[in-house]
Amino acid sequence: MNKDNNNEASKPKLTPVSALGEFGLIGHLTNRHVLQHPESVKGIGDDAAVLQPTVGKQTLISTDMLVEGIHFDLMYTPLKHLGYKSVVVNLSDIYAMNGIPKQITVSIALSSRFTVEALEELYDGIYTACRLYDIDLIGGDTTSSNKGLIISITAIGEADADKVVYRNTAKVGDHLFVTGDLGGAYLGLQLLEREKSLYLDNPNTKPEIAQHEYPVQRQLRPEARKDIIEILADKQIVPTAMIDVSDGLSSELLHICKQSQVGCQIYEENLPIHPKTFALSQEFKLAPTTCALNGGEDYELLFSVSPSDYRKLEGIHGIASIGKVVAAEAGTKLYVSGGKSYDLVAQGWQHL
Ligand code: ADP
Ligand code: MG
């Protein structure tokens with residue numbers, strides 16, 4: 001448990017933000033960033049950032065806002081991981097359009113309980129993600145909040161106009177694929193929540209998360225599938241439709257099917273579930289299939305490809321063929337062993 005995240009008194013040498021002031025703080029947090037991309041003409045330091053779009057490309061823009069107490073809990077989320085995850089979830093949306101993210105802006109609202117050192121940790125995570133995904137931090141905004149921390153990140157990317165992939169273009173007969181494995185982030189969250197309430201009941205409790213490192217890491221430090229977008233480009237495959245799995249596979253399948261006016265048939269036995277995720281689902285007495293279908297925050301990619309591209313994907317590690325796109329009249333169904341089928345339902349993450 002990271003109760004010290006929000007407990008200034010117990011840490012030595014903590015600097016209140018007021019000691020630096022708004023401009024001092026922004027300078028302190030952002031002075032080490034060097035722009036990498038020729039498209040980033042001007043970053044932090046003027047009234048607006050300036051970008052030079054690449055000829056022939058279209059620009060992709062996506063924003064997400066994360067609110068303390070709604071989207072994250074600083075009791076078990078290290079600020080460095082939070083910074084990293086805040087960036088990654090935005091990049092995931094750009095990859096889900098088959099684009100390459102190049103820049104981000106970061107806006108934060110913070111209460112006075114956050115110190116300069118806490119914000120350094122947050123920006124450490126932000127910069128680590130920028131380095132690993134080759135992203136320029138080009139601006140943002142900083143303001144105060146009455147309570148808690150709010151982070152809003154905008155990601156900007158680009159793609160060839162004819163290679164942008166939408167949700168509404170899946171065709172009957174296409175094959176459905178999902179990357180990586182599902183349900184881990186949801187079970188990681190269940191475990192962290194359980195350990196938090198045990199700790200609150202008795203602060204001497206030692207958290208039992210060591211043997212569940214995989215699902216916990218899926219929750220706290222997810223990755224966006226840059227690698228898959230590169231593989232698809234390499235193999236000259238443009239998916240017919242694509243979406244990232246942030247709210248759960250069922251919910252994302254229903255988005256693609258509704259917007260494309262098609263149905264789908266997916267097979268329970270084909271759903272990729274990591275053995276460590278499976279083991280934790282047993283501990284919580286939750287059906288692993290339900291966690292895979294309705295758990296959120298895996299940030300994998302769900303995509304459809306035309307039958308002519310199906311062969312090209314065979315044998316690629318980390319991509320599971322889960323079913324097919326069918327006519328809308330056939331519905332959106334999960335087939336389980338024995339041939340029985342169930343309608344997919346969108347549970348997703350209901351924050352609102
Ligand atoms: P303005 O008053 O024009 O909004 P600011 O003083 O808010 O300008 O910001 C000064 C510069 O610092 C701008 O380039 C802005 O994009 C950048 N900036 C402000 N806050 C952040 C932040 N939290 N992270 C990164 N860049 C920031
Ligand atoms: Mg401003």
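Counting starts at 1 for both ligands and their atoms, following the listed order.
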Asker: For ligand 1, which part of Ile26 has a heavy atom less than 4.0 Å away: the side chain, the backbone, both, or neither?
Answerer: side chain
Asker: Which of the numbered atoms in ligand 1 are below 4.0 angstrom from a heavy atom of Gly139?
Answerer: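 Result: 16 (O), 25 (C), 26 (N), 27 (C).
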Asker: With only distance considered, is Gly140 within less than 3.5 Å of ligand 1 through an N or O on each side?
Answerer: yes
Asker: Please determine if Ser107 has a nitrogen or oxygen closer than 3.5 Å to a nitrogen or oxygen of ligand 1.
Answerer: no
Asker: Under a 4.0 Å heavy-atom limit, does Thr30 contact ligand 1 with its side chain, its backbone, both, or neither?
Answerer: side chain
Asker: Do the ring centers of Tyr186 and Phe284 come within less than 6.0 Å of each other?
Answerer: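 Not under 6.0 Å, so no.
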Asker: With the threshold set at 4.0 Å, does a side-chain nitrogen-carboxylate oxygen contact exist between Glu120 and Lys13?
Answerer: no
Asker: Distance under 4.0 Å to a non-hydrogen atom of Asp46: what atoms of ligand 1 satisfy this?
Answerer: 13 (C), 14 (O)
Asker: Could you tell me whether Arg218 and Glu213 make a salt bridge, using a distance below 4.0 angstrom between a side-chain N and a carboxylate O?
Answerer: no
Asker: Assess Arg225 against Tyr299: is NZ or CZ under 6.0 Å from the centre of the six-membered ring, and within 45 degrees of the ring's axis?
Answerer: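 No, a cation-pi geometry is absent between Arg225 and Tyr299.
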Asker: Can you sort out which atoms of ligand 1 are near Gly45, meaning under 4.0 Å from one of its heavy atoms?
Answerer: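 So the answer, numbered in order with elements, is 11 (C), 13 (C), 14 (O).
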Asker: Below 4.0 angstrom, N of the basic side chain to O of the carboxylate: do Glu252 and Arg167 qualify?
Answerer: no
Asker: Verify salt bridge (charged side-chain N to carboxylate O under 4.0 Å, His left out) between Glu268 and Lys340, making sure each step is shown before the conclusion.
Answerer: CA-CA 10 Å; Glu268 182 184 32; Lys340 239 181 134 192; over 6 Å; no
Asker: List ligand 1 atoms under 4.0 Å from Phe23, heavy atoms only on the residue side.
Answerer: 6 (O)
